[in-house]
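For the numbers below, each heavy atom of this structure counts, side chains included, while hydrogens, waters and symmetry mates do not.
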Number of protein chains: 2
Amino acid sequence: MESAKLDAIDCKILEVLQRDGRISNVDLAAEVQLSAPQCFRRVRALEERGVVRGYRALVQPAALDLGVTAFVSVNIAAEAFERVRDIEGLLRDQPEVLEIHTVSGDCDYLLKVVARDLRSLSQLLTDRLMQIKGVADVRSMVCLEEVKAPAALPVR
Amino acid sequence: MESAKLDAIDCKILEVLQRDGRISNVDLAAEVQLSAPQCFRRVRALEERGVVRGYRALVQPAALDLGVTAFVSVNIAAEAFERVRDIEGLLRDQPEVLEIHTVSGDCDYLLKVVARDLRSLSQLLTDRLMQIKGVADVRSMVCLEEVKAPAALPVR
DNA sequence: ACTGAAATCGCGTCAAC
DNA sequence: GTTGACGCGATTTCAGT
């Protein structure tokens, strides 16, 4: 899917596109000191190689009435190990569950979830996640403050 | 900064822009069944109200030679409580630290970090984060698998 | 006031050098 | 890797409701 190395200009392009995903090709070309067609070809190559996986608008959760963000750790009961893939599917189907990672350490899964308020968060956890057969333990860490908003990947 | 309610069309726009942040205005207008200028005005309003906080290219971390993602919990020593803001600043300054949240529960901060490999992760943790005066405890959960990639906010 | 039609201008994109 | 050309899309203006 990729493998070919990125040179300094590719890195610069990625840096800019992570900062402003809607920049026009000519402005981007100017920033990275390339002619527009050159720049265009590079961007397309990065997209085709899967280096750039897409473009997203960042939406303020509060505007969508999602006042609560939380990280939720989930464990799977030993008896349910054979059904993990199903359980993953059920977790993934919840729209409020934004990310799911399997992690090393005390818990099996770490989820990032959003909810309208603490009451809906609680509902999500107890009425939906904990109802999934095989889910043994659900613990949540409610986000109180965002000290650093999701930053761009370091390009170095 | 916001407050005025979003109607069904605004929601649809946000849904589409979260999926494809680079969609052209005419295509977006077609998808939400609006004339182009109408659609354009709405998008601009959403941006100006801060509902849309920006646009980002999603870059595959592996392509930037960042093979490891981890969540790191950090605690602050009781003696250092008065210096939390400074400590936050020092944490924030690390480019590999992508997100910082203060959370309820056993730890004070939860960070999302990336690194080249486990060796550089270890280096980041022991040589940089743990060297910050006042940081009392650093635990990491290394991400093994991405079960659900960062999803769009549910729009309801 | 709000909508959409039209008009303009600049950009994306391709082809040829 | 650059220049030039073409067509489409972004953005504004304006007239009609």
Side-chain angles (χ1 to χ4, degrees), chain A residues 1-65 150 152-153 155-156, chain B residues 1-61 63-65 149-150 152-153 155-156:
Chain A
M1 191 189 281
E2 24 81 41
S3 73
K5 262 310 209 173
L6 305 174
D7 67 14
I9 300 183
D10 289 322
C11 287
K12 191 81 171 64
I13 289 175
L14 293 175
E15 197 180 313
V16 175
L17 285 179
Q18 283 191 91
R19 181 159 35 78
D20 178 7
R22 270 200 106 142
I23 191 171
S24 79
N25 183 55
V26 300
D27 289 349
L28 176 58
E31 277 215 53
V32 304
Q33 321 238 56
L34 237 48
S35 71
Q38 260 315 344
C39 183
F40 180 71
R41 284 195 275 254
R42 289 214 183 218
V43 171
R44 190 171 43 195
L46 290 169
E47 288 167 358
E48 279 168 2
R49 280 158 65 191
V51 174
V52 172
R53 282 159 64 175
Y55 301 87
R56 287 273 187 89
L58 285 196
V59 176
Q60 171 134 51
L64 290 171
D65 204 23
L153 296 173
V155 162
R156 197 53 31 91
Chain B
M1 190 190 280
E2 24 80 41
S3 74
K5 261 312 210 179
L6 305 175
D7 67 14
I9 300 183
D10 289 322
C11 288
K12 191 81 170 63
I13 289 175
L14 293 176
E15 198 180 312
V16 175
L17 285 179
Q18 283 191 92
R19 180 159 35 79
D20 179 6
R22 269 199 104 133
I23 190 172
S24 78
N25 182 57
V26 299
D27 290 349
L28 176 58
E31 277 214 52
V32 304
Q33 321 236 58
L34 238 46
S35 70
Q38 264 309 352
C39 183
F40 179 73
R41 286 191 274 257
R42 288 213 184 221
V43 171
R44 190 172 46 194
L46 290 169
E47 289 167 358
E48 278 168 4
R49 281 157 64 190
V51 174
V52 173
R53 282 159 64 173
Y55 301 87
R56 287 273 186 88
L58 287 196
V59 175
Q60 172 135 51
L64 289 171
D65 203 22
L153 296 173
V155 161
R156 190 58 37 85

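Atom-to-atom distance recorded for B:Glu15:CD and B:Leu153:CG is 11.0 Å, nearest 0.5 angstrom. Once rounded to the nearest 0.5 Å, the distance linking CG of A:Asp10 with CG of A:Leu46 reads 5.0 Å.
Note on A:Arg19 versus A:Glu31: salt bridge recorded, some NZ/NE/NH1/NH2 to OD/OE distance being below 4.0 Å.
A donor-acceptor pair under 3.5 Å links the side-chain atoms of A:Arg22 to the main chain of B:Ile23, judged by distance alone.
One interatomic measurement links the two molecules: CZ of A:Arg22 to P of C:dC11, which rounds to 15 Å at whole-angstrom precision. Between the P atom of C:dT13 and the CG atom of A:Leu28 lies a distance of 12 Å, rounded to the nearest Å. Look at CG on B:Asp27: it is 12 Å from C1' on D:dA10, rounded to the nearest Å. Nucleotide D:dT12 holds its P atom 11 Å from the CG atom of B:Asn25, rounded to whole Å.
When the side-chain nitrogen and oxygen atoms of A:Ser24 are compared with OP1 and OP2 of C:dG10, none of them lie within a distance under 4.0 Å.
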- [ ] Please test A:Gln18 against A:Val155 for side-chain contact (heavy atoms from CB on, under 4.5 Å), starting from the C-alpha separation and ending with a verdict.
- [x] CA-CA 10 Å; A:Gln18 283 191 91; A:Val155 162; 4.1 Å; yes

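Residues from residues 29-47 of chain B placing a heavy atom under 4.0 Å of any atom in DNA chain C, listed by number, are B:Ser35, B:Pro37, B:Gln38, B:Arg41.
At a threshold of 4.5 Å between non-hydrogen side-chain atoms, the residues B:Leu28 and B:Leu17 count as touching.
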